[in-house]
Amino acid sequence: EVQLVESGGGLVQAGGSLRLSCAASGFTFDDYAIGWFRQAPGKEREGVSCISSSDGHTYYADSVRGRFTISTDNANNAVYLQMNSLKPEDTAVYYCAAERGGVRCFYFSDYLQFGSWGQGTQVTVSS
């Protein structure tokens, strides 16, 4: 059974940084798409970033490109999201999600492409 557990959220001032972690179990990082998504109150869940575990290709939403960096530690089945230059509009619950097939990252803007989800971690950016 795939399990994903996020951590690292919190309250930070605008311009600050946070590093989110996603501990994965129940599968090996051979050929998976692992993504970070976020959902703000009253808004739809949106894709933030995705990484293909098979080839390491990364994908970013336009709103975070250049500020966020996704990475994996395949040996420890972990995925990270380094978030720099945070803005109040980045405030949301952030979720880690996984789906078999790194090619799923092509479609990471559609959260319905991902079947396994963590419980989420709150990120709040104050102005």
Side-chain angles (χ1 to χ4, degrees):
E1 178 188 3
V2 173
Q3 291 192 325
L4 303 165
V5 179
E6 304 94 334
S7 61
L11 173 64
V12 64
Q13 287 189 330
S17 298
L18 282 175
R19 188 193 194 207
L20 304 184
S21 299
C22 174
S25 61
F27 68 103
T28 56
F29 281 20
D30 50 358
D31 184 19
Y32 269 80
I34 306 162
W36 284 98
F37 297 78
R38 67 186 181 187
Q39 189 165 18
K43 293 188 176 181
E44 272 212 8
R45 191 167 298 190
E46 63 173 349
V48 174
S49 183
C50 190
I51 187 166
S52 169
S53 66
S54 59
D55 56 21
H57 283 172
T58 57
Y59 304 78
Y60 296 95
D62 289 343
S63 59
V64 307
R65 186 174 291 111
R67 300 188 297 122
F68 291 10
T69 302
I70 190 170
S71 62
T72 62
D73 179 350
N74 287 11
N76 293 303
N77 271 29
V79 183
Y80 306 102
L81 186 69
Q82 177 66 43
M83 305 187 296
N84 299 330
S85 303
L86 282 161
K87 305 175 181 180
E89 51 263 44
D90 294 318
T91 295
V93 177
Y94 283 70
Y95 299 90
C96 175
E99 186 56 59
R100 186 178 297 277
V103 69
R104 296 277 184 175
C105 277
F106 288 150
Y107 313 105
F108 84 99
S109 61
D110 178 7
Y111 70 91
L112 295 175
Q113 293 287 327
F114 290 74
S116 298
W117 292 84
Q119 83 289 349
T121 185
Q122 176 71 47
V123 171
T124 303
V125 184
S126 64
S127 57

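Quantities reported herein were computed from a predicted structural model and do not represent experimental measurements.
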Any residue meeting side chain to side chain contact (heavy atoms under 4.5 Å, CB included) with T28, in chain and number order, not counting sequence neighbours: D30
Where at least one partner belongs to residues 107-127, residue pairs that pass ring-ring contact (aromatic ring centres under 6.0 Å, His included), sequence neighbours excluded: F37-F114, F37-W117
Selection residues 86-102 - residue pairs positive for side chain to side chain donor-acceptor pair (under 3.5 Å), sequence neighbours left out: Y32-R100, R38-D90, R38-Y94, R67-D90
Set of side chain to side chain donor-acceptor pair (under 3.5 Å) partners for Q3, sequence neighbours left out: none
For L81 against S49, the heavy-atom pair lying closest together: CD1-CB, 4.1 Å
E6 side-chain N/O to Q119 backbone N/O, donor-acceptor pair under 3.5 Å: yes
Heavy-atom pair of closest approach, residues Q122 and A92: NE2-O, 3.4 Å
Test item: S25 and N77 side chains (from C-beta on) under 4.5 Å apart, heavy atoms: no
Closest approach of S127 to P88 (non-hydrogen atoms, all atoms of both residues): CB-CG, 3.9 Å
Exercise: identify the closest heavy-atom pair between G120 and V93: CA-CG1, 3.9 Å
Side-chain heavy atoms of M83 within contact of L20, under 4.5 Å: yes
T72: partners by side chain to side chain contact (heavy atoms under 4.5 Å, CB included), with sequence neighbours left out: F29, I51, N74, V79
Minimum heavy-atom distance between I34 and I70, given as atom pair plus value: O-CD1, 3.7 Å
Euclidean distance, N84 CG relative to T69 OG1, rounded to 0.5 Å: 6.5 Å
Contact list for residues 41-92, test ring-ring contact (aromatic ring centres under 6.0 Å, His included), sequence neighbours left out: Y59-F106
Atom pair OG (S17) and CD (Q82), whose distance is rounded to the nearest 0.5 Å: 5.5 Å
With sequence neighbours excluded, residues passing side chain to side chain contact (heavy atoms under 4.5 Å, CB included) with S7: S21
Pairs involving residues 97-127, ordered by first then second residue, that meet disulfide bond (SG atoms under 2.5 Å apart) (sequence neighbours left out): C50-C105
Partners passing side chain to side chain donor-acceptor pair (under 3.5 Å) against S126 (at least two apart in sequence or in another chain): none
Under 3.5 Å donor-acceptor, D31 side chain and S54 backbone: no
Results of side chain to side chain contact (heavy atoms under 4.5 Å, CB included) for V12 - residues two or more places apart only: L18, L86, V125
Cluster check W36, V2: I/L/V/M/F/W/Y, side chain < 4.5 angstrom: yes
Residue pairs involving residues 57-104 (criterion disulfide bond (SG atoms under 2.5 Å apart); sequence neighbours excluded): C22-C96
Contacts of type side chain to side chain donor-acceptor pair (under 3.5 Å), residue D73, not counting sequence neighbours: N76
